[in-house]
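Here the structure is laid out as structure tokens; the discussion comes afterwards.
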Protein chains: 2
Amino acid sequence: MELDERKMKILQAIVKNYLETGEPVGSRTISKYTDLNLSSATIRNEMADLEEQGYILQPHTSAGRIPSDKGYRLYVDEMMRERETLLDSKEKQLDDMKDFLIEKVDRVETLLQNMVKVLANNTNYATMISTPQFQNNRVKFIQLSSVEEDQVLCVLVLEGNIIKNKIIKVEESLNNEAILKLNILLNSTLNGLTLDEINLSMISRMTGQAGEQGTLVRNVLDAIAEAIHSENNMEIYTSGATNILKYPELSDSEKATRLIGTLEEKKLLTSLISDSNGEDDGRGIQIYIGDETPVQSMKDCSVVTATYELEDGLRGTIGVIGPKRMDYEKVVETLKTVKDQLDDVYKKIT
Amino acid sequence: MELDERKMKILQAIVKNYLETGEPVGSRTISKYTDLNLSSATIRNEMADLEEQGYILQPHTSAGRIPSDKGYRLYVDEMMRERETLLDSKEKQLDDMKDFLIEKVDRVETLLQNMVKVLANNTNYATMISTPQFQNNRVKFIQLSSVEEDQVLCVLVLEGNIIKNKIIKVEESLNNEAILKLNILLNSTLNGLTLDEINLSMISRMTGQAGEQGTLVRNVLDAIAEAIHSENNMEIYTSGATNILKYPELSDSEKATRLIGTLEEKKLLTSLISDSNGEDDGRGIQIYIGDETPVQSMKDCSVVTATYELEDGLRGTIGVIGPKRMDYEKVVETLKTVKDQLDDVYKKIT
DNA sequence: GTTAGCACTCCATTAAAATGAGTGCTAACA
DNA sequence: TGTTAGCACTCATTTTAATGGAGTGCTAAC
């Protein structure tokens, strides 16, 4: 099953060439392209082998070969060299970007929205980014305040300065003293806890202690649970959906509709969000080629995702969606840089 | 410049037919289609006149005619009958929708997001909706709380239960008493005011009264100003962007990219938001045909917008973007219903 | 003023032909 | 035994030509 060195080189040449041109590549091209100094006939023989082994395929007889998913996979795993040379200029470019991003940014959301746009412009693929998850972040501060007769405002601050709030209806207005008491109760009990740590016995104890205001406490806790619960919170921003249309193999009406539709219906993207199952390269990068994708509607694409991590355990996912023949090297490199630098930018703006 | 009745009828027939088929319509079709009982030759003569007057045009010689922007405009202004007959079923349909929407909706944002999706599915065009504006809403409640040594949380509640918050850095930690005082000062001064009413002299007086905490008050006021300022607040949700691809006249790569890109880059849509300049039909409906649009990139489309109004003076815009040959009647009818009912749904969920 | 008739235009569709990139296979070569 | 030149063959793409038909404009007659 292993490929000898020559076959590897030929496969690599095929993939590289196809990434560049998007056209099936023939034996003659390879014969000239590589330093192997082999005639096209020899290449043809090797190609026949490679096809038999499933690394490349022919769109039709008498066409050149294109990489199969398996071929891309081998390329990505074994042959892709990191572009150290490019790294410097990329660093610089991203430094510029940082300045650009910081300007006028004062909320994480805005930062991420800008980031995802920059990434889309940079790569010419579609991009997505999820707001950080914070299930495991701890409660820092809770406050109830009476806003109107029958309305209580509940504000919740989590580690990482995530603020959630909700207006809760109450039957009868509360006096200041009652509210003060409740605040003390809530803070002393819940501060420093994560959602997972707020369990049933705790809840019943608190509702007990709250006496008359038992139902209110209950409502507050519900509000917290709801506020903190992942699916209500994770937002996904996308950008560059129209980049899809730049690639003929994706731009026919049916595929484009499916893809752009998926990007629009952000919920469908959640399965791309860092399930952090093993398959990454040790630096939080994951590559899904074709059918490997967890999002069915993207089976004609490749998806590259990276997990970024801000301080305070805030963690999210950033991803690039493009044709299978995307420039994996560049994308991976860019994502790594983005991921590394996101933290910096974030620190500067907070 | 006025058209006689017969020409009107012919134009109307052309537009209607073109809306249905999307194909240029010829004289023979009209001759049979209308109850005018005129031969195709006569129709041809009239068509020649209509073309000369700019109401219709020929894609090429030996093709039928299609309406020009001017033709559409006349149709929309003068010929479009409201479909009273359909109204009943539409009402019902929207009632169903209401139930669907209320389920699990507990924030206005979610309501609007669902609404815009339903609208897109219903019409088969692209849709947009803006979150309500609240420049003129009054301050209901302000509260500062010390969250950490150097961080103060500022919560602002406006009429309509719009909540804004921001964490403000301070030099030195504030004791409870100081915060209490500030809260009283802020509330007593600002409650019941709109942003416009918070003027310079008021600010300087307050910073004076705040003594040591002058800068903090300044920061709080800045935060309010920023929170309340329109461009930071208005969000626009879109849906059904891919519906664009259903219409051949818009689905070529270039146009589609431009349009979907515009929908993605929501900021570009702000000029569609209820500048409420006169040109509406008295019920908050506006129709932009082709070049009439304030958004340059949509000059190949028509856009229909409606202003909706929730209670408490919350007001936003909902819009439909489609090909010029969109079904204006249906769209206008649907928008009217949505606009009327949005308020109801909103009341139910709050 | 209306209509029938006719020549003309031009797009769209189909069919046929030319092109050419690329293959697989065979036989000769080192 | 691995490599290469040569050649016949395949098949998507492009080009060209032919055909059909929807629709018009104009003229002459009603």
Please classify the nucleic acid contact of [X] as base, sugar-phosphate, or nothing, using heavy-atom distances under 4.0 Å.
| X | answer |
| --- | --- |
| Ala63(A) | sugar-phosphate |
| Thr61(A) | sugar-phosphate |
| Ser27(B) | sugar-phosphate |

Rounded interatomic separation in angstrom, taking [atom1] from [X] and [atom2] from [N]:
| X | N | atom1 | atom2 | answer |
| --- | --- | --- | --- | --- |
| Asn17(B) | dG23(D) | CG | C1' | 14 Å |
| Leu36(B) | dG1(C) | CG | C1' | 15 Å |
| Ile30(A) | dA21(C) | CD1 | P | 16 Å |
| Met47(B) | dG25(D) | CE | P | 9 Å |
| Asn45(A) | dT3(D) | CG | P | 9 Å |
| Gln58(B) | dA22(D) | CD | P | 16 Å |
| Glu23(B) | dC11(C) | CD | P | 15 Å |
| Arg6(B) | dG1(C) | CZ | P | 9 Å |

Go ahead and name the base partner of [N]; Watson-Crick or wobble counts if both distances stay under 3.5 Å, otherwise write none.
| N | answer |
| --- | --- |
| dC30(D) | dG1(C) |
| dT16(D) | dA15(C) |
| dG6(D) | dC25(C) |

Under 4.0 Å between a side-chain nitrogen and a carboxylate oxygen: does that hold for [X] and [Y]?
| X | Y | result |
| --- | --- | --- |
| Glu292(A) | Lys299(A) | no |
| Glu249(A) | Arg325(A) | yes |
| Asp49(A) | Lys7(A) | yes |

Practice prompt. Would you kindly check whether a donor in the side chain of Ser62(B) faces an acceptor in the base of dT9(C), or vice versa, at under 3.5 angstrom?
Written response: yes

Worksheet entry | Side chain Arg44(A) and base dG6(D) donor-acceptor under 3.5 Å | yes

Worksheet entry | Proximity to the side chain of Leu38(A) - top-ranked nucleotide from dA4(C), dT23(C), dT4(D) | dT4(D)

Response to the item:
Closest of dT4(D), dT3(C), dA12(D) to the His60(A) side chain is dA12(D)

Worksheet, complete the sentence: Comparing nearest nucleotides in DNA chain C, the 5'-proximal residue of the pair Ala41(A), Asn37(B) is Asn37(B)

Item to complete: Between Arg65(A) and Ser40(B), name the one whose nearest nucleotide on DNA chain C is closer to the 5' end.
Response: Ser40(B)

Worksheet item: Would the number of heavy atoms belonging to other residues, nucleotides or ligands and lying under 6.0 Å from NZ of Lys9(A) be above 12?
Response: no

Worksheet item: Considering residues, nucleotides and ligands other than Arg258(A), do more than 12 of their heavy atoms fall under 6.0 Å from its CZ?
Response: yes

